[in-house]
Structure formats: structure tokens, C-alpha cells
Amino acid sequence: MNTHSFSVELATKLGVEKAIILQHLWFWHQKNKANEQNYHDGSYWTYNTAKAFSEMFPYIKEKKMYSILKSLEDDGFIKTGNYNKVKFDRT
């Protein structure tokens, strides 16, 4: 059984879906930091596609997930980058 958690404070300000995604991203950020992995341009990163995220969170459709991620980026909660060896890979 999968479980998802979120900050009540963030959910109140941003909505439950955004709070859940931020919690997930924070987990991976902290894990990568602890393991000193995926460090680029002064930050620790995690990666995935909107499609992959929507598979992990089946109650959020891919199009909605893309919108959530874009909104979180626009509002300064997350940032995006492309650190793949093949630049057309946009995960």
C-alpha cells in the first residue's frame, strides 16, 4: 500500500495536490543531499516526467500534473533544469 503525506500548512495555502507533490520532491531532495547525488549548479536535484509523476500519484492525471509542476515552478517553489547528457531528454 502506498501512502502520501503533506504539510497541512502548505495544503491550506497551495492546495492538497501541490502540497503532496512538494512533500515528495522534498523527500528526494533530502535523500540526494544525504547521499551527495544529483548535485548540479549548487542544488540537489531529482527528476521525472509529468507522466511518471502521474503514475506515482494515480489520482492526479498527467495534464493536471504538468499544470501543478508548472505552477510550482512559476511560484518559485521548484526550479527546473536539464542535466541529461542528451539535451532532448526533458525528464
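We use all heavy atoms of the structure for the numbers below, so side chains are in, but hydrogens, waters and symmetry mates are not.
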Handout entry: CA sep, side-chain torsions, deciding dist, call: K70, D74, side-chain contact (heavy atoms from CB on, under 4.5 Å)
Key = CA-CA 6 Å; K70 180 72 173 121; D74 291 347; 2.9 Å; yes
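Shown here for I78 and L69, the closest heavy-atom pair between the two residues is CD1-O, 3.6 Å. Counting all heavy atoms, side chain and backbone alike, A19 lies closest to S7 at CB-O, 4.0 Å. Minimum interatomic distance between S54 and K61 (heavy atoms only, all atoms of both residues): CB-C, 3.9 Å. In terms of heavy-atom proximity, I60 sits nearest to K64 at CG2-CG, 3.7 Å.
Between atom CZ of residue F53 and atom CE of residue M65 there is a gap of 7.0 Å, rounded to the nearest 0.5 Å. Of the inter-residue distances, the one linking K63 atom NZ with I68 atom CD1 reads 13.0 Å to the nearest 0.5 angstrom. To the nearest 0.5 angstrom, Q23 atom CD is 11.0 Å from I21 atom CD1. Atom CD in E17 sits 11.0 Å away from atom OG in S71 (nearest 0.5 Å). Taking NE2 of H24 as the start and CG of N48 as the end, the distance is 6.5 Å to the nearest 0.5 Å. Atom CH2 in W28 sits 9.0 Å away from atom CD in Q37 (nearest 0.5 Å).
Note on L14 and W26: separate hydrophobic clusters, where clusters join Ile, Leu, Val, Met, Phe, Trp and Tyr whose side-chain heavy atoms are under 4.5 Å apart, directly or indirectly. Cluster annotation: F6 is connected to L72 through the hydrophobic network of ILVMFWY side chains, with a link wherever side-chain heavy atoms come within less than 4.5 Å. Residues Y66 and Y59 do not share a hydrophobic cluster, clusters being chains of Ile/Leu/Val/Met/Phe/Trp/Tyr side chains in contact below 4.5 Å. In terms of hydrophobic clustering, with Ile, Leu, Val, Met, Phe, Trp and Tyr side chains grouped at heavy-atom distances under 4.5 Å, F77 and Y47 are assigned to different clusters.
Between Y39 and Y44, the ring planes lie tilted relative to each other; the angle falls in the 30° to 60° range.
There is a side-chain donor-acceptor pair under 3.5 Å between T80 and E73.
Using a 4.5 Å heavy-atom cutoff, the side chains of N38 and T46 are not in contact. Inter-residue side-chain proximity for F27 and N32 is flagged as unmet; no heavy-atom pair is nearer than 4.5 Å. A heavy-atom distance below 4.5 Å is not found between the side chains of H29 and W45.
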